Structures are given as C-alpha cells and as structure tokens.
Amino acid sequence: MEARPALSIQRSGASQLSNHGVSGGLSSSLPVLSTHLEETYQKFSDTQEVHAEKEMMTRPLAHTTRLPTNNGVVGHIFSSSSGFSSDIHYSSALPNEKHSRNPPFISQSPTNIAALPLSQSSNSLLPQSTIPIHCNKENSGSWCTDPDFLDFPEWADQLITGDDALASNWNELLVDNVTDMEPKTTYQVAKPCTTVPAQNQQLPSPSVESHSVVNPSSSANNAPAKPRMRWTPELHEAFVEAVNQLGGSERATPKGVLKLMKVEGLTIYHVKSHLQKYRTARYRPEPSEGSSEKKLTSMEEISSLDLKTGMGITEALRLQMEVQKRLHEQLEIQRNLQLRIEEQGRYLQMMFEKQKAGLDKLKVPSSNPENPPAPSDATNDNESPTKSQLESSQRDHVNSGTGTVNAKSMLERSPQEICGEHKAPETGDLEKAETCVSESSSQPSKRPRIEE
Amino acid sequence: MKFGKRLKQQIEETLPAWRDKFLSYKELKKLVRLISSAESPEFGKADAGAEFMYLLNNEIDKFNAFFMEQEEDFIIRHKELQQRIKRVIDTWGPGGTKPSEAEYKDEMAKVRKDMVDFHGEMVLLVNYSNINYTGLAKILKKYDKRTGGLLRLPFIQKVLQQPFFVTDLVSKLVKECENTIDQVFPVEVEAEIVKEQREAITVAGKGIFRNTVAALLSMQEIRRGSSTYGHFSLPPLDFPDSDLIHSFQLNSPITTV
C-alpha cells in the first residue's frame, strides 16, 4: 500500500537524523520548523518534532493509539521540563503536559538540543511489546541501572507535597485503569532535576527515558502513551464507600481511601485529585468549570424564561430537555455514521491491499494493455453517477432511519466503483483512477469473493 | 472555510471555560497550506508529515485530557444529584422527616433546573467530542489532498479509539439523567400545550440551552453538503422539529436583559 513507502522514507529520514551526530542534523532542521511554527505553536519546542519522527519510524500503522501522544509528552519533558515524578508503579505525573501549553514553559531549545542526542538514542515512548525495536532499545537503556532511579521516591515526595494545583494537573495525566490493569508496561523515568515546577530546567537526559504505561482493558485507552485515569461510576461508588467509611469527605485522606479501595493500579495521585473534585462537588452543589458563568446565565435564563410567553418554568425546562435530547440523538446517529464510514474505509483499504498483493503475484509481463481503455472509461463514468447515487441513497436511507445499515450495504455492493472513488478523493486526481483500473481488471475474478 | 467558521461560532457560543479546548482548526489549516506551498528542501515531506502528526497528537492529548476530566466531574455530579434528590425527598417530601410542601416544591424546582442543565452540559461534551472529531477528519482529508499523503486513514482509525471519542459512558449518564428527570418532573399535560405555544422564543445570554440550540444548528449546517462531498462525507442532517429549533432566535452573547 502506498502507506508503506511513505513510512519507509520517513524511517530512513529519521534514522539519518539519529545517525548524524544528532545535533548536526537537528540544528539544521529545527530552525526552519521553528520559524514556520512560531506564530501558532510557540510553545512547542523544535526538539519535539524529532521525537515525532522517531515515533513515525517505529510505528507502522497506527497500531497503538496513544503512542504519538506520548511522543509529545516526552518532547515536553525535554523541552519544557518542570518536574516529573515517576512512580515505580505505572503512573507518572507529567505536569508538563498541561504546562506545556502555557507559555511559562517555553523551552530553552538551544540548550535542550544538546540534551537531545542522548535522549534520542534512548528512545522514549513506545513501550509496547508490539514494537520490539524500541523495546530492545529501551531495555538496553540505562534506566534499570540508573542510579537516579533510586532517588525517585525522594523528589517524588517533594513533588507530591507541592502545589495542589500541580497535583491535580499531574493526576490528569495519569493513565490508568481501575480493576483490570495489566502491568505490562514500562515506567516513566525522568531525571529529578527540577523540584520547582516553575523552573525551566534542562534535564540531564542520558538516563532519561520515558515509557508509556498501561493498558486498562476495560477502557478504550489502548495505548500506553499517557498515563491517564479514566474513572467509571463503579469506581466512583467504591470511592464514595471508602470515603464514607473514613468519616466523610473532609476527614478522609487519600492514603486511607486508596487503601480501602484496594483497586489495583490506582495511585494516590488519582485518589487525591478525585477527592478534591468530590469535595468541591459536595460543598457547592452543581459546581462545574462553568459554574460561575452558569450562575450568571441561570439568572439570565430565568428572566428569559419569563419572556417565553405563557410558559412556566417547567415547560421551559421541558423544552430545553427536548432540544438537548434531540441534540444527543443526532450526535449518536452522527457518531455511528462516522464509525461506519471509517469501517468502510478500512475495509476498502484491506481490499486494496489484498488485490495488490494478488496482482503482484499474478503479474504477467503484458498486463492487460487492451483492457485499460474500456474499463477506464467505464470506471470514470461510473464514478460520478455512482457517487451521487451513493450520496442520495445515503441521504434517503438516513432519513428513513435505517440509514447506517443500508448505506453500508450500498457501499459494499459496488467495490469496483468505489475502487476508483476511493482513490479520487484521496488524491483528488481522476487520472489516478486509472492505476486502479489495472487492479480493477483483476477484480471481476475477485468480485464473487468480495461479495460473499 | 465553512467548517472553520462554524467551529469558530460554536466556540464563541460555548461555555467560556471550554473555549480553548477545541481543535485549533485554523492553525492546522494554515500549516497544511504552508506545507503544500513551501517545498523547501529542509522542510521535506517526511518532516512535514511528522510535524503535522505531532501537532495533531498534541491536539488529541488536549481533547483527551479535557474530556476525561469533564467525564470524571460528571460522574461525581451525577451521583451527587441523585443523592440530593433523595435527600430532598427524605427531608421535605410527603413521607419525610420534616415534610413541607413549600420547601419540597422549592427544592425540587432547583433540582430540576440543575438536572436539566447538567444534562445539557453532558450533551455538550458529547458534541464537543464529535465536533473535534469532525474537525480532525476534515483536516486530515485536507492534508492528504494537498500533500498527496496517506495520513488520513490510519490516523483516523487511531482517533476512533481515543478516549475522547469513546463517549459511551457520558451517553449512558445522559440517558440515566433523562430517566431521573422523567421521574422527577411533575406529570403534566405535556407537549400539546408546549406545541401550541411555539412562538418565537428568544434565548438570551450564554445559557446551556443556547449552547445546545447552537450546537444543533451548527451540526445541521456542517452537514449541509459541500463541494467536496464524497463517500466519506456525512449525509445532510434532518431531524424532526428542525423548524422549531430554527425558530429559536439566538441573541448575541451580549446580554441586554
């Protein structure tokens, strides 16, 4: 598939970068990027881009979902360091994550670049066993033998006792899940050179590697990249139970709650931040991020409700509910459609690859020179009517409410036309459809198989 | 730039605290343009792709972080609301410890209002998720179109699995909320009255109601069919009561009341 060549190019590109005395390669490419991005992405250091490349190099096809994000995280570590803590457990706190979006932590890129070479070789990210290359690299990395590793508890504690605000930030970054945690991940290791979050220090990177964590089987969080906790109502129930046992939200301590809950993989950071939220929720009923605005707007709303002639508050609320329900309904429908569309896309992709593979096998020197002209016209002609046919059928079907199923079958019925269409939107070039034609010429034989 | 405009509108009308959590569609679009026009050697395709991906990933991180935090808040508040209802019933309700019809009515009215707003906020979060997804899909399509890359398909597959897109839990909470609301609302002579009195209703201020109406209208607009309609596009939106929704005249955010 075309994806592969692209990736291999990146692979070689990236490996070139890592092979140069990194700094050389980096410094040339970085300034260019920085000028490009300065306006919009001032916060991100250029070094991060390199990490992105590395990540590209080792991640074939979106195998894991969160890896690249961790890439960013690691980048943040190097560029805008503001204290990391790493746990021997799974979770690690990355205050950077949030702070990186805030100007204060604009990295000192020049100084960080020097740090890069070292960190680059020990590639961060990619914890998963599905990417053996990296695993090897990582394992060979020094984190196991890193003397600083032992220092974690110390400065981790320092960080713990730091700002509450920070704590809650960190906790957001803690991946995790609940009950079915499989400890199949790596640890995030960061040099504890910063204890004061506000400082922008450069990390002595040689031994720094970060790995991503986890994967809670019960959550949709499939990639280890970021340690992030996804709470569920059940978990919250357990939490409330524990808190009540300890005498209420004021008296309960995170440590106590953690012990009582006995949930594997839950860390004190998670509990701490959750407790904070819980306390706020209790003492200011209906608090939310927008609550102060909401209070304001609820006043406005009440007065506007009065304006709704003849409508009592209850009716107005009902109306509001109607609209909200409607929106929710539509959102669900839309989401399902989107899922199906992508499913189709994936299916088509797979078909392409199969055909290509098959075609390569069957390739005869004179591969159907007489076929192209006819089928190409046919395919091209088929494209537009079929396309509009698909669109209108989609429209109709959706309106009738049985949309998703029918749309799918519509699409499935005409893989040949779609073959051309698929390429066209992707490349915006009708001529490319012709390359598809040679593939489609082999399609008739494959068609029965497809339609099964 | 139709989607971009729509998105901008949505952002303006959304809860203030959410405003910077949306997709930076405009910036990404600029980047794509930059990438496709500037073919400088140092800034080759591979770099550009990596850069783009990097930024997208950051956006995704942003969504995930925000989404999960909101979700956590919702879980807590959901439980709290239910307990609150229970408390109100147990205290001021007919069989309660200090039954008082006035208090009961009063408190229940507050509870109802809060519940409806809570419901709205949750739905808006689902909308947030969806609109960001749509934006991502669009920007990826643009990227592929402009640079001939094939980033879209694999990337979007990955996005589909992201926590911010998996809105099942929030949807479940929404439904539970609806059930509770049904129980808590007085049984009334329903929708007929409401239907009859559907005059032009002005929605002032920045309330949740306004946001949801705006979101619905936006959605309809976004899906209105475009020049680049393809089989990866969503069909136009059509829902009942669309006239009603359109009849809500949205005032400017500047309150005049």
Side-chain angles (χ1 to χ4, degrees), chain A residues 2-3 9-10 13 29 32 36 40 49 52-53 56 61-62 65 68-69 72 172 220-222 228 230-231 233 236 277-278 281 286 289-290 293 297 300-301 303-304 308 310 315 317 320-321 323-324 326-328 330-331 334-335 337 341-342 345 349 390-391 394-395 398-399 421 425-426 428, chain B residues 15-17 27 34 42-43 46 50-51 53-54 57-58 60-61 65 68-69 72 75-77 80 112 114 116 119-120 123 126-127 130 144-145 150 153-154 156-158 160-163 166 174 194 197 201 204-207 209 212-213 215-216 229-232 234-236 238-239 255 257:
Chain A
E2 284 99 335
I9 291 172
Q10 287 152 351
S29 61
V32 176
H36 282 300
T40 53
E49 185 253 348
E53 280 189 76
M56 290 277 283
L61 271 191
T65 54
T69 62
E172 284 174 49
N221 209 356
N222 279 335
R228 192 174 295 283
R230 197 162 198 192
W231 283 82
H236 181 67
K277 289 186 189 234
Y278 185 67
E286 279 310 289
E289 273 190 57
E293 296 94 2
T297 60
E300 295 163 347
E301 270 193 76
S303 44
S304 74
K308 293 173 191 171
E315 282 91 10
L317 286 179
Q320 185 176 344
M321 272 308 284
V323 173
Q324 285 167 189
R326 188 72 64 226
L327 177 58
H328 189 228
Q330 290 302 319
L331 283 169
Q334 182 156 312
R335 186 165 178 271
L337 272 180
I341 286 176
E342 294 308 327
Q349 182 89 331
L390 276 175
E391 288 162 15
Q394 267 184 343
R395 224 173 291 153
V398 168
N399 287 348
E421 278 186 48
E426 290 285 332
Chain B
L15 297 168
E27 282 80 16
L34 202 65
E42 315 112 77
F43 200 56
E51 187 60 53
M53 274 209 39
Y54 172 73
N57 287 326
N58 280 333
I60 292 181
D61 284 348
M68 297 213 275
E69 185 166 355
E72 191 179 341
I75 291 177
I76 296 178
R77 279 161 69 189
E80 282 310 299
R112 271 186 230 120
D114 286 342
V116 174
H119 179 270
V123 175
V126 179
N127 180 55
N130 202 284
D144 276 358
K145 191 171 165 194
L150 280 171
L153 208 58
I156 209 80
Q157 298 297 328
K158 182 187 84 151
L160 288 176
Q161 294 167 1
Q162 294 297 308
V166 181
V174 167
V194 179
Q197 291 174 337
I201 299 166
K206 308 172 191 163
F209 186 32
T212 45
V213 171
L216 258 176
Y229 209 66
H231 64 277
F232 280 109
L234 291 168
D238 183 36
F239 57 91
T255 54
V257 179

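Scope of the values below: all heavy atoms of this structure, side chains included, with no hydrogens, waters or symmetry mates. A note on names: the letters A, B, ... follow the listed sequences, proteins ahead of strands, and every chain is numbered from 1. This structure is a prediction, so every number in the text was calculated from the model and none was measured.
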Original post:
Where do A:Arg230 and B:Val166 land on the side chain to side chain contact (heavy atoms under 4.5 Å, CB included) test, with the steps shown first?
Top reply: CA-CA 11 Å; A:Arg230 197 162 198 192; B:Val166 181; 4.1 Å; yes

**OP:** Carefully, step by step, assess B:His119 and A:Gln320 under the rule side chain to side chain contact (heavy atoms under 4.5 Å, CB included).
**Re:** CA-CA 10 Å; B:His119 179 270; A:Gln320 185 176 344; over 6 Å; no

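When heavy atoms are compared at a cutoff of 4.5 Å, B:Ile75 approaches chain A by way of both its backbone and its side chain. Looking at B:Val123, the atoms closer than 4.5 Å to chain A (heavy atoms on both sides) sit in the backbone and in the side chain alike.
Here the CD-CG distance, from A:Gln334 to B:Asn130, works out to 4.5 Å after rounding to the nearest 0.5 Å. To the nearest 0.5 Å, atom NE2 of residue A:His236 and atom CD1 of residue B:Ile76 are 5.5 Å apart. The line from NE2 of A:His328 to CG of B:Asn127 is 10.5 Å long, rounded to the nearest 0.5 Å.
Judged by distance alone, with hydrogens and angles left aside, the side-chain atoms of B:Arg112 form no donor-acceptor pair with the main-chain N or O of A:Leu317 at under 3.5 Å.
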